[in-house]
Trainee: 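Below is a structure I'd like to ask you about.
Lettering of chains follows the sequences in order, A, B, ..., and the numbering in each one begins at 1. Quantities reported herein were computed from a predicted structural model and do not represent experimental measurements.
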Protein chains: 2
Amino acid sequence: MNISEAARRSGLSAKTIRYYEDIDLIAPAARGQNGYRQYDHKAVEELHFLARAREVGFDLLECRQLLDLQRDSSRQSRHARQLVLEKSQQLQTRIEQLVAMQNVLHSMADRCKGDEGPACAILEDLAGATEGEGDA
Amino acid sequence: MNISEAARRSGLSAKTIRYYEDIDLIAPAARGQNGYRQYDHKAVEELHFLARAREVGFDLLECRQLLDLQRDSSRQSRHARQLVLEKSQQLQTRIEQLVAMQNVLHSMADRCKGDEGPACAILEDLAGATEGEGDA
DNA sequence: TGTAAACCTTCCCGTGGCTGTAAGGTCAAG
DNA sequence: CTTGACCTTACAGCCACGGGAAGGTTTACA
């Protein structure tokens, strides 16, 4: 099948598939007589694997490692598990950051009247508060 | 004061301050006889404002709007509040995405033995499951 | 047979928000 | 008089692509 069909089946865009080939994340695709890339079931499976790995947060370097494991019949599952646990911890950290940011935003919105006047707790917050800005 | 002192006080890097000037987010800094950028208290306050706005998740376009409001004495606080509520909603969406991703990762890790053997629920998950891949 | 649409190819630019590095000028201390 | 810490500009690189140009191929249909 051609690249757009492989894209449709794998969940990646054709652009992305070419890009993955460019950076040697996947092997160069076979080519038809017309120069078009050709994909078989196995190739699509690998692309789908990458799509799934990206969806759950792995970057391309990590995808490469996962793919290496996937291809290696003498792999050890603890390596895959290690990658997953690390990624989970990274997500946890990021989530906590975002929640903290959101708490600040909520606090700001709560204290701002949000009316037609210029007085604004939000802008005051942004201008002032890092706490401990007094002459202590 | 010179740029590195302004950086220290504002919480931005010197690089970032120059970048903000480059993209006209802030007015060009005054220059000393030697060509060095000079910052006064007011300039540092604006930089600090930007640092705080970035910390809570605003991108540079939004920072520009917030700064415009901050500078406008005839502003309406509802505009600032609107920006905060929108940002909060964006963060909420992003948090939910990350939590969903983490749930998948947890599920994978739970079902993977993580031992020396090649059998691995994680890699199976990534290879297979988008659900409904059977011959339904 | 013509032709238009829908594919495909390579190539290079742009994104956001910076950081790193190079190549040089300036300044304060010893 | 040198060393080292500043400062300047300018350009490259990061990540993971997407957009679009300029051209070749294939397919459908009048």
Side-chain angles (χ1 to χ4, degrees), chain A residues 1-26 28-40 43-44 46-67 87 90-91 94 97-98 101, chain B residues 1-26 28-40 43-44 46-67 87 90-91 94 97-98 101:
Chain A
M1 81 196 76
N2 288 344
I3 197 169
S4 65
E5 178 66 12
R8 204 185 55 71
R9 295 199 195 179
S10 66
L12 297 171
S13 72
K15 274 279 194 189
T16 297
I17 294 174
R18 290 194 199 97
Y19 173 66
Y20 286 178
E21 187 180 315
D22 257 20
I23 63 170
D24 291 314
L25 181 56
I26 54 175
R31 299 289 182 132
Q33 289 183 330
N34 51 16
Y36 289 13
R37 289 178 181 80
Q38 293 299 318
Y39 298 87
D40 58 15
V44 169
E46 218 168 59
L47 293 171
H48 184 214
F49 180 96
L50 289 169
R52 285 276 294 168
R54 293 286 296 126
E55 280 170 19
V56 296
F58 290 105
D59 62 32
L60 293 187
L61 187 55
E62 291 157 344
C63 284
R64 207 181 287 268
Q65 300 179 60
L66 287 167
L67 211 45
K87 182 53 58 184
Q90 288 170 24
L91 289 187
R94 185 63 185 145
Q97 285 173 0
L98 294 181
M101 287 156 61
Chain B
M1 83 195 75
N2 288 344
I3 197 169
S4 65
E5 178 66 12
R8 203 184 56 71
R9 295 199 195 180
S10 66
L12 297 172
S13 73
K15 274 281 195 190
T16 297
I17 294 174
R18 289 193 199 97
Y19 174 66
Y20 286 179
E21 187 180 316
D22 257 19
I23 63 171
D24 291 314
L25 181 57
I26 53 176
R31 299 288 182 131
Q33 289 183 328
N34 51 17
Y36 289 12
R37 288 176 180 80
Q38 293 299 318
Y39 297 87
D40 58 14
V44 170
E46 217 167 58
L47 293 172
H48 182 64
F49 181 95
L50 289 169
R52 285 275 295 169
R54 294 288 293 126
E55 280 168 20
V56 297
F58 290 105
D59 63 31
L60 293 187
L61 187 55
E62 292 157 345
C63 284
R64 208 181 287 268
Q65 300 179 61
L66 286 167
L67 211 45
K87 182 52 57 184
Q90 288 170 24
L91 289 187
R94 185 63 184 144
Q97 285 173 359
L98 294 182
M101 289 156 61

Trainee: Using a heavy-atom cut-off of 4.0 Å across all strands, would you classify B:Arg54 as base, sugar-phosphate, or nothing?
Mentor: sugar-phosphate

Trainee: Given atom CG of A:Asp22 and atom P of C:dT9, what is their separation to the nearest angstrom?
Mentor: 12 Å

Trainee: Let's see if you can work this out: which of D:dT8, D:dT26, D:dA16 has an atom nearest to the side-chain heavy atoms of A:Leu60?
Mentor: D:dA16

Trainee: Please classify the nucleic acid contact of B:Arg37 as base, sugar-phosphate, or nothing, using heavy-atom distances under 4.0 Å.
Mentor: sugar-phosphate

Trainee: What is the distance from CD1 of A:Ile17 to P of D:dC17, rounded to the nearest Å?
Mentor: 11 Å

Trainee: Is any side-chain N or O of A:Thr16 closer than 4.0 Å to OP1 or OP2 of D:dG18?
Mentor: yes

Trainee: Rounded to the nearest 0.5 Å, how far does OH of B:Tyr20 lie from CG of B:Leu50?
Mentor: 6.0 Å

Trainee: What is the distance, rounded to the nearest whole Å, between atom CZ of A:Arg8 and atom C1' of C:dC7?
Mentor: 15 Å

Trainee: Would you call B:Arg37 and B:Asn2 a side-chain contact if the rule is heavy atoms closer than 4.5 Å?
Mentor: no

Trainee: Using a strict threshold of under 4.0 Å (side-chain N to carboxylate O), is an ion pair present between B:Arg8 and B:Glu5?
Mentor: yes

Trainee: Rounded off to whole Å, could you give me the CG-to-P distance for the A:Leu25 and D:dC17 pair?
Mentor: 9 Å

Trainee: Which comes earlier along DNA chain C counting from the 5' end, the contact point of B:Leu61 or that of A:Ala14, where each point is its nearest nucleotide?
Mentor: A:Ala14

Trainee: Just the rounded figure in Å: distance from C1' of C:dG16 to CD of B:Gln90.
Mentor: 14 Å

Trainee: A side-chain contact here means heavy atoms from C-beta on lying under 4.5 Å apart; do A:Val56 and A:Lys87 qualify?
Mentor: no

Trainee: Do B:Val44 and B:Met1 have side chains that approach each other closer than 4.5 Å (heavy atoms only, starting at C-beta)?
Mentor: yes

Trainee: B:Ile3 side chain: which of D:dG19, D:dA10, D:dC7 is closest?
Mentor: D:dC7

Trainee: Just how far, in rounded Å, is C1' of C:dC18 from CD of B:Glu21?
Mentor: 16 Å

Trainee: Quick one: is B:Ser13 getting a side-chain N or O under 4.0 Å of the C:dT19 phosphate, OP1 or OP2?
Mentor: yes

Trainee: Would you say a side-chain N or O of B:Ser4 is under 4.0 Å from OP1 or OP2 of D:dA5?
Mentor: no

Trainee: Using heavy atoms to find the nearest nucleotide of DNA chain D for A:Tyr36 and B:Arg31 separately, return the residue whose nucleotide is more 5′.
Mentor: B:Arg31

Trainee: Tell whether B:Tyr19 reaches the base of C:dG16 with its side chain through a donor-acceptor pair below 3.5 angstrom.
Mentor: no

Trainee: Does OP1 or OP2 of C:dC27 have a side-chain N or O of B:Asn34 closer than 4.0 Å?
Mentor: yes

Trainee: What is the separation between atom CG on A:Asn2 and atom P on D:dG24, rounded to the nearest whole Å?
Mentor: 19 Å

Trainee: Any donor-acceptor pair, under 3.5 Å, between the side chain of B:Lys15 and the base of C:dG17, if you only look at N and O atoms?
Mentor: no

Trainee: Rounding to an integer number of Å, can you tell me how far B:Glu5 CD sits from C:dC27 P?
Mentor: 18 Å

